[in-house]
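Worksheet: the structure to be examined is printed underneath.
Both backbone and side-chain heavy atoms feed into the values below; hydrogens, waters and symmetry mates do not. Residues: numbered from 1 along the sequence shown.
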Amino acid sequence: MKPVQFPQDFIWGAATASYQIEGAYDEDGRGMSIWDTFARIPGKVENMDNGDVACDSYHRFREDIAFMKELGLKAYRFSIAWPRIFPEGTGELNPEGLAYYDALVDALLENGIEPVCTLYHWDLPQTLQDAGGWENRATVDAFVEYAKTLFRALGGRIKTWITINEPWCVSFLSNYLGLHAPGNKDLQLAVTVSHHLLLAHGRAVRTFRELGIPGEIGFAPNVTWMEPYSSRKKDADACKRENGWYMEWFMDPVFKGEYPSFLVKWFREKGAEVPVLEGDMELIREKIDFLGINYYSGSVAKYGEQAGLMACEPVDMGYTRTDNGWPIYPEGFYKALSYIGGRYGDIPIYITENGACYNDGPDRGIVADQKRIDYLYQHLLQLHRSIGNGIPVKGYFAWSLLDNFEWAFGYSMRFGLIHVDYDTLVRTPKDSYYWYQDVIETGEV
C-alpha cells in the first residue's frame, strides 16, 4: 500500500495535563487541588499514587521541550493548574505560578512550537470544592475570573485556547460514577455539574471575545462510538443514548442552544433535571472557533437492562485490547467524526487526544512499543479517511508526550511516546516517538 498523505498545513502535536506531569505540588505558592485530596483517600487511586512529583516537569520543562523539538512537534497542548494561579481559587493572584507558565510559553515559542493551552484539565482548587465545587454557580464566576487573568497575561503569545477538557469526565465520571475526584455518586449532582461546566465554557468564550484576544477558542469533549449489535430498536436506542451522553449532551447546547430532548427525558425519568436559568443557553451557545475531540475507544453494543445508566452493554467481539483493557476500535473514530460533521456542520476540528496504554519498558535503552505504533497508525488512517470525506480536521495531538500520573490508575498505566522512570525521572524516547517523528517530518502514514 502507498502511504497516505496528510495536508501540508496539518498541525502535528502532542498533549499533556498539569496534574499528570508537573509535580511540585506544594512549591512556589501552589494551593491544593481536588486531585491532591482525592489521591490521598485510600482505595481511590491504584497503589495510593499521587501527583506530588509526577514527571517533575515543573522543574524539567526545558528538558521536555528539547524532546518536543527533536520530535518535530508543531504544537504542544498543555493545561494550566488553576491552584498555581489562584491558590484559593479566587482572590489573590500567585505571581510565581503565573511566572512558570510565562517561562513555559516563552520557551515553546523560542523552539518554534505553538503553545495550545487548556484552562481546565480537572485540577479544581480544593477551596472551591469545599464551597460546593462545580455544583455551586459561584465556581463558574471564579472560573471566568481565572480565565480572564490568563487571557490578559498570555493572550497573543498563545493563539489556541481550550476552555474545558472532557466535561463528561468532570461531571459524570467524577460525580455520578465516582471514579475521579471528587468521587461523588449522585446523578442530579452530575447533571448540575455538566450544566455549570458548559456555562463556564460559554462565559469564558464571551470574555475572550470581549477582551479582543487574538487567536481561537474552543472546548474538548471526549467521545466514544457504540455500534448497534443488531437492527433491533432496543440496541439502536441504547447505542444512541450512550453516544449521545458523550456527544449531544455536551455539543448540542454549544452548537444548537439546547439539550437533546431524548436525554433530558431519560434523566428526568431517573429523577435528575438540568438547572437552566434564564440566559444560560444563550451564553453556552457563544460561537466557538473549533471543536476539540478526544477519542480512545468504542465497541459494538446492545441493550442491557442492568448495563449502567444508559442500559447500553458492550459486546465482546474479540477486539484486541490495550493494556488498560480498552477495545481497539479505530473505525469508531471515523464513525464518530462523521456523525459530528453531519450533525454540527463545518466546524474546524482538532483531535486533542488520541493514544493507547502499553506498559513496555526499556531494554538496553530501547522501548519497543510496536503495539502503540500499530494503534496510532490505524487511527491516523481513519482520520485521513475522515478528512477525505470532508471532515475539516486541522490537527492531531497524540496522547501523551510523556508517561505520567494516569488518574485513578496512578503510575500503573503508560500512554507516553517517552518512557519515564518514576524513580530516577530519566526520559527515554520509545520506538513510537521515532515513528511519530517520521510521520511529522513526511506528513505520511
* Go through the structure and list residues passing side-chain hydrogen bond (donor to acceptor under 3.5 Å, both in side chains) with Arg321, not counting sequence neighbours. => none

Show me, pair by pair, the donor-acceptor contacts under 3.5 angstrom made by side chains of residues 165-174, not counting sequence neighbours?
unit_1: Asn165; atom_1: OD1; unit_2: Arg77; atom_2: NH2; d: 2.7
unit_1: Asn165; atom_1: OD1; unit_2: Asn294; atom_2: ND2; d: 3.0
unit_1: Asn165; atom_1: ND2; unit_2: His121; atom_2: NE2; d: 3.1
unit_1: Glu166; atom_1: OE2; unit_2: Asn294; atom_2: ND2; d: 2.9
unit_1: Ser171; atom_1: OG; unit_2: Pro167; atom_2: O; d: 2.7
unit_1: Ser171; atom_1: OG; unit_2: Trp168; atom_2: O; d: 3.4
unit_1: Ser174; atom_1: OG; unit_2: Cys169; atom_2: O; d: 2.6
unit_1: Ser174; atom_1: OG; unit_2: Ala181; atom_2: O; d: 3.3

* Is a side-chain donor-acceptor pair under 3.5 Å present for Tyr339 with Glu248? -> yes

* Asked: For the ring pair Trp12 and Phe10, is the centre-to-centre distance below 6.0 Å?
  -> yes

* Can you spot which of Asp64, Asp403, Asp421 makes a salt bridge (charged side-chain N to carboxylate O under 4.0 Å, His left out) with Arg427? => Asp64

* Find the distance between CZ (Phe61) and OH (Tyr58) and round it off to the nearest 0.5 Å. => 9.0 Å

* Side chains of His201 and Glu286: donor-acceptor distance under 3.5 Å anywhere? -> no

* Asked: Do Thr160 and Glu216 meet the criterion of a side-chain donor-acceptor pair at a distance under 3.5 Å?
  -> yes

* side chain to side chain donor-acceptor pair (under 3.5 Å) contacts in which one or both residues fall within residues 106-116, not counting sequence neighbours -> Asp106-Arg157

* To do: Check the side chains of Gln437 and Trp435 for a donor-acceptor pair under 3.5 angstrom, ignoring hydrogens and angles.
  => no

* Step by step, would you call Trp82 with Phe143 a ring pair (Phe, Tyr, Trp, His ring centres under 6.0 Å)? -> CA-CA 9 Å; Trp82 188 344; Phe143 178 77; 5.8 Å; yes

* Asked: Any idea how Tyr76 and Phe78 line up, ring-wise: parallel (<30°), tilted (30 to 60°), or perpendicular (>60°)?
  -> parallel

* With sequence neighbours left out, what residues match Tyr396 under side-chain hydrogen bond (donor to acceptor under 3.5 Å, both in side chains)? -> Asn354

* Within 45° cone of Tyr25 ring axis and under 6.0 Å: Arg40 NZ or CZ -> yes

* To do: Would you tell me whether Gln378 and Asp374 have side-chain atoms, one donor and one acceptor, within less than 3.5 Å of each other?
  => no

* **Distance-only polar pair, side chains of Ser79 and Ser18, donor-acceptor under 3.5 Å** => yes

* Asked: What distance separates Asn50 CG from Tyr411 OH, expressed to the nearest 0.5 Å?
  -> 6.0 Å

* Any residue meeting side-chain hydrogen bond (donor to acceptor under 3.5 Å, both in side chains) with Asn389, in chain and number order, not counting sequence neighbours -> Tyr334

* Using only heavy-atom distances, determine whether the side chains of Thr127 and Asp130 contain a donor-acceptor pair under 3.5 Å. => no

* Passing option when Tyr120 is tested against Tyr146, Tyr19, Trp134 for ring pair (Phe, Tyr, Trp, His ring centres under 6.0 Å) -> Trp134

* Asked: Which residue pairs pass the salt bridge (charged side-chain N to carboxylate O under 4.0 Å, His left out) test with at least one member in residues 81-91, sequence neighbours excluded?
  -> Glu22-Arg84

* Does a donor on one side chain sit under 3.5 Å from an acceptor on the other, for Gln126 and Thr37? -> yes

* **Side-chain donor or acceptor of Tyr433 paired with backbone N/O of His419 under 3.5 Å** => no

* Asked: With no hydrogens and no angle check, is any side-chain donor or acceptor of Arg241 less than 3.5 Å from a backbone partner on Met310?
  -> yes

